[in-house]
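Letters A, B, ... are given to chains in the order of the sequence lines, protein chains preceding strands, and every chain is numbered from 1.
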There are 2 protein chains.
Amino acid sequence: MTHSHNHTACVQVALTNAAQLCAERGVQLTPIRQQVLELIWANHHAVKAYDLLERIKPLQSAAKPATIYRALDFLMEQGFIHRVESLNAFIGCTDLRTVHEQLLLICKQCQDVEERQANAVMQSLADELKEAGFTAHHKAIEIHGICQNCQQ
Amino acid sequence: MTHSHNHTACVQVALTNAAQLCAERGVQLTPIRQQVLELIWANHHAVKAYDLLERIKPLQSAAKPATIYRALDFLMEQGFIHRVESLNAFIGCTDLRTVHEQLLLICKQCQDVEERQANAVMQSLADELKEAGFTAHHKAIEIHGICQNCQQ
DNA sequence: TAATGATATGTTATATTGTAACATATAGAA
DNA sequence: TTCTATATGTTACAATATAACATATCATTA
């Protein structure tokens, strides 16, 4: 994704959808929340909370950790971003309109994170959970390695 | 697992296998490392590093954070424990002799973590990764919810 | 034997990540 | 206008993790 794509369009779509969903849901995409979302969408890397804090300071000089964490909490509740558990970091969700479980492919080389629906994986996981008698509330499926673009 | 099982046997097996594998590999299961492994195996909950630090202090009064993190690093390298990324915590590995990817089922109610081989899931995941052109180095697959025993 | 090197641990300090708690502001509803 | 819900400001701190350098131990070998 770092490699050749129209990223402006990515950002545009993400922000437009977020704004519309907020309107539909009667929740507020305040300036801080929108700025955090934009900063997360600066690229396809997972971003750390304290990096966001540094980057938002020119815009919000009063920003403190809580400023960022509250915005992140909101954006996660709304499904606009995902937390990458194995990196303590965050990425923009590329699939806002679908109820889905995310499979995250995390490239060690370019740092990009790709989100995939992976329906077959989710189906066999559902089967496995049924067999185990386990009721799932949240799934974190994170694969670290080297993405297609980074392998010559 | 909290629910009715001979946990002494779990611990025994884990420690015996770890000792044997260390001997085979020519690495040292030092007192500190063994104590940390035992503390992790106190039950089937994921344990936090600083909890381990408190619990090891009666045995190792000089213990500091690095004491624990070094032991954890060793135990993870040897495959004796897993890190639960979404909890910042650690559990004993129940399947030392098999090369495997772990699916972790984390119960919100009893805190137990169950490790499953989930071969079908891993196979469809491998297919998905192949399709994505992604070379995996490490997989964190962590499902949060309610385990069979905790649902009446 | 003494020097060397590999491994493990001791120790201090600090970096990173995340939350609690209470105060203030703002805007719409009653 | 007052009330309420929501959002943000602010201070302090908790929880998680690592860096860097010192010391110890033991087997190898010069």
Side-chain angles (χ1 to χ4, degrees), chain A residues 18-19 21-37 39-40 45-78 80-91 111 140 142, chain B residues 18-19 21-37 39-40 45-78 80-91 111 140 142:
Chain A
L21 286 167
C22 283
E24 285 173 14
R25 293 169 184 171
V27 296
Q28 303 175 48
L29 190 60
T30 61
I32 288 178
R33 290 166 176 176
Q34 171 155 347
Q35 286 160 7
V36 170
L37 185 57
L39 289 172
I40 288 174
H45 301 187
V47 198
K48 305 226 149 212
Y50 277 72
D51 288 346
L52 289 169
L53 179 55
E54 289 315 305
R55 294 197 214 160
I56 209 175
K57 274 183 177 164
L59 306 169
Q60 299 285 342
S61 55
K64 301 272 187 312
T67 313
I68 296 297
Y69 281 104
R70 284 166 179 161
L72 291 171
D73 285 347
F74 172 84
L75 296 170
M76 281 191 289
E77 276 166 18
Q78 298 302 320
F80 300 160
I81 64 172
H82 296 299
R83 183 181 157 82
V84 185
E85 300 289 353
S86 49
L87 294 177
N88 296 335
F90 303 85
I91 55 164
Q111 327 300 336
E142 303 178 359
Chain B
L21 286 168
C22 283
E24 286 173 13
R25 293 170 185 171
V27 296
Q28 302 174 47
L29 191 59
T30 62
I32 289 177
R33 289 167 176 176
Q34 171 154 349
Q35 286 160 8
V36 170
L37 185 57
L39 289 171
I40 289 174
H45 302 188
V47 198
K48 305 226 149 213
Y50 277 75
D51 288 346
L52 290 170
L53 180 55
E54 289 315 305
R55 293 196 214 159
I56 209 175
K57 275 184 178 163
L59 306 170
Q60 300 284 343
S61 55
K64 302 273 186 314
T67 313
I68 296 298
Y69 282 105
R70 285 168 180 160
L72 291 170
D73 285 347
F74 172 84
L75 296 170
M76 281 191 290
E77 275 166 18
Q78 298 302 321
F80 300 160
I81 64 173
H82 296 299
R83 182 181 159 85
V84 185
E85 299 289 352
S86 50
L87 294 177
N88 295 334
F90 303 85
I91 55 163
Q111 329 298 337
E142 303 178 359

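- Contact check of residues 28-36 of chain A against DNA chain D (heavy atom, cut-off under 4.0 Å) returns A:Q28, A:T30, A:I32, A:R33.
- Residues satisfying the salt bridge (Lys or Arg N to Asp or Glu O under 4.0 Å) test with A:E24, not counting sequence neighbours, are A:R97.
- Rounded to the nearest 0.5 angstrom, A:L75 CG and A:L29 CG are separated by 7.5 Å.
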Under a 4.0 Å heavy-atom criterion, the protein footprint on nucleotides 12-18 of chain C, written with B, S and -, is B----BB

Listing, residues 56-71 of chain A side-chain donor-acceptor contacts under 3.5 Å, not counting sequence neighbours, or none:
residue: A:Q60; atom: NE2; partner: A:Q35; partner atom: OE1; Å: 3.0
residue: A:K64; atom: NZ; partner: A:A62; partner atom: O; Å: 3.2
residue: A:T67; atom: OG1; partner: A:K64; partner atom: N; Å: 2.8
residue: A:T67; atom: OG1; partner: A:K64; partner atom: O; Å: 3.1

If you apply the rule side-chain contact (heavy atoms from CB on, under 4.5 Å), what do you find for B:V27 with B:E77, and how did you get there? CA-CA 11 Å; B:V27 296; B:E77 275 166 18; over 6 Å; no

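- Using a 4.5 Å cut-off on side-chain heavy atoms (C-beta onward), B:D51 and B:L39 make no contact.
- Protein chain A contacts DNA chain D over a range whose 5' and 3' limits, counting nucleotides with an atom under 4.0 angstrom from a non-hydrogen atom, are D:dT6 to D:dT11.
- Heavy atoms only, all atoms of each residue included: A:F80 and A:C22 are closest at CE1-SG, 3.6 Å.
- Distance check, rounded to the nearest 0.5 Å: CZ of A:R83 to CD1 of A:I91 gives 12.0 Å.
- Summarising the geometry, atom CG belonging to B:L72 is positioned 4.5 Å from atom CZ belonging to B:F90; distances are rounded to the nearest 0.5 Å.
- Atom CD of residue B:E54 and atom CG of residue B:L52 lie 10.0 Å apart, to the nearest 0.5 angstrom.
- Residues passing the side-chain contact (heavy atoms from CB on, under 4.5 Å) test with A:S86 are A:V84, A:I106, A:E142, A:H144, B:E85, sequence neighbours excluded.
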